[in-house]
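Only one structure is covered here, and it is reproduced in the block below.
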Amino acid sequence: MATTVPTDFTNQVLYTDEVAEFSPEVIEEMKSHLKKYPPERKRSALIPLLFIVQRERGYIDAPGINFVAKFLDLTVTDVWETATFYSMFHFRPIGKYHIQICKTLSCKIMGEPEITNHICKKLGIKPGETTPDGKFTLSMVECLGSCGTAPVMQIGFDYYENLTPEKVDQILDSLE
Ligand code: FES
């Protein structure tokens, strides 16, 4: 029976016996990652595989976790504990653009609260929420590793640095 357990990051961890299925092409792509590591170290392919699951299923879900656990001979807990550690993985559908604002010290000192308030007001959402049109999801994350150009946010795989409210407006307005 499926049960839900709240977490402090992206809402819920769903446990199920269902195992995700992927196309032969995707399985081959996963196997190509295994070839990069010695057989006894195939766990090293965990993060690349999680990225593939997220791409294929839209987000990391319990059946996807179960698949990766079987594929790498790991426990489901092994996979969940890695997946939930990283802010680049999400566990429910998110918007087309995932805005991740750094909330750590340098960014906090250099104006993160003003940036966050500005984005919340502009988009009408709070951190953890998605705009009704499904365009933007807003998350607060720990240090993005670009402290020298604080305040910083990441949208998708792109970094935006030395942010000001005006710069944020330009960035968000340019996204289709
Ligand atoms: S504190 Fe924001 S990037 Fe490091």
Side-chain angles (χ1 to χ4, degrees), residues 5-14 29 33 36-37 41 43-62 64-65 68 72 74 77-176:
V5 180
T7 71
D8 62 354
F9 182 49
T10 31
N11 294 338
Q12 295 181 338
V13 172
L14 174 67
E29 183 185 2
H33 286 287
K36 299 174 187 171
Y37 308 102
R41 300 282 169 100
R43 181 186 186 131
S44 301
L46 178 52
I47 288 181
L49 263 55
L50 287 170
F51 269 119
I52 294 173
V53 170
Q54 181 163 269
R55 184 194 71 206
E56 292 296 311
R57 297 179 71 80
Y59 59 100
I60 304 283
D61 62 355
I65 291 278
V68 173
L72 296 179
L74 297 173
T77 303
D78 288 334
V79 183
W80 271 121
E81 69 186 11
T82 298
T84 53
F85 181 79
Y86 293 102
S87 59
M88 68 260 201
F89 296 124
H90 41 89
F91 306 96
R92 60 192 166 91
I94 62 167
K96 180 178 178 184
Y97 298 105
H98 187 198
I99 304 168
Q100 299 178 79
I101 304 175
C102 173
K103 63 175 181 177
T104 309
L105 187 60
S106 296
C107 288
K108 184 80 75 188
I109 291 171
M110 295 302 289
E112 171 275 313
E114 183 187 11
I115 297 300
T116 301
N117 287 338
H118 183 75
I119 293 177
C120 288
K121 203 169 164 188
K122 182 177 178 71
L123 300 181
I125 57 175
K126 298 190 292 257
E129 294 181 345
T130 299
T131 53
D133 62 1
K135 189 170 179 183
F136 295 104
T137 295
L138 180 60
S139 299
M140 306 302 295
V141 298
E142 300 298 340
C143 181
L144 289 169
S146 188
C147 319
T149 55
V152 178
M153 69 177 174
Q154 180 177 356
I155 303 179
F157 289 108
D158 296 321
Y159 271 33
Y160 299 90
E161 301 160 302
N162 297 307
L163 293 174
T164 63
E166 295 73 27
K167 203 166 170 180
V168 165
D169 284 341
Q170 286 174 4
I171 295 161
L172 298 187
D173 292 347
S174 72
L175 298 174
E176 297 292 319

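This is a predicted model, so every value here is computed, not measured. Atoms within a ligand are numbered from 1 in the order they appear, just like the ligands themselves.
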What about F91 and Y59, are their ring centers closer than 6.0 Å? no

Regarding [X] and [Y], is there a side-chain donor-to-acceptor distance under 3.5 Å anywhere?
X    : Y    : value
K36  : H33  : yes
E81  : T77  : no
T104 : E142 : yes

Around atom 2 (Fe) of ligand 1, how many protein N/O/S atoms fall inside 2.8 Å?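 Total protein N/O/S atoms under 2.8 Å from atom 2 (Fe) of ligand 1: 2.
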
Least distance between heavy atoms, I101 atom then I119 atom: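 For I101 and I119, the tightest heavy-atom pair comes out as CD1-CD1, 3.7 Å.
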
For S146, enumerate each residue passing the side-chain contact (heavy atoms from CB on, under 4.5 Å) test, keeping only those at least two apart in sequence or located in another chain.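 Expected list: T149, V152, Y159, E161.
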
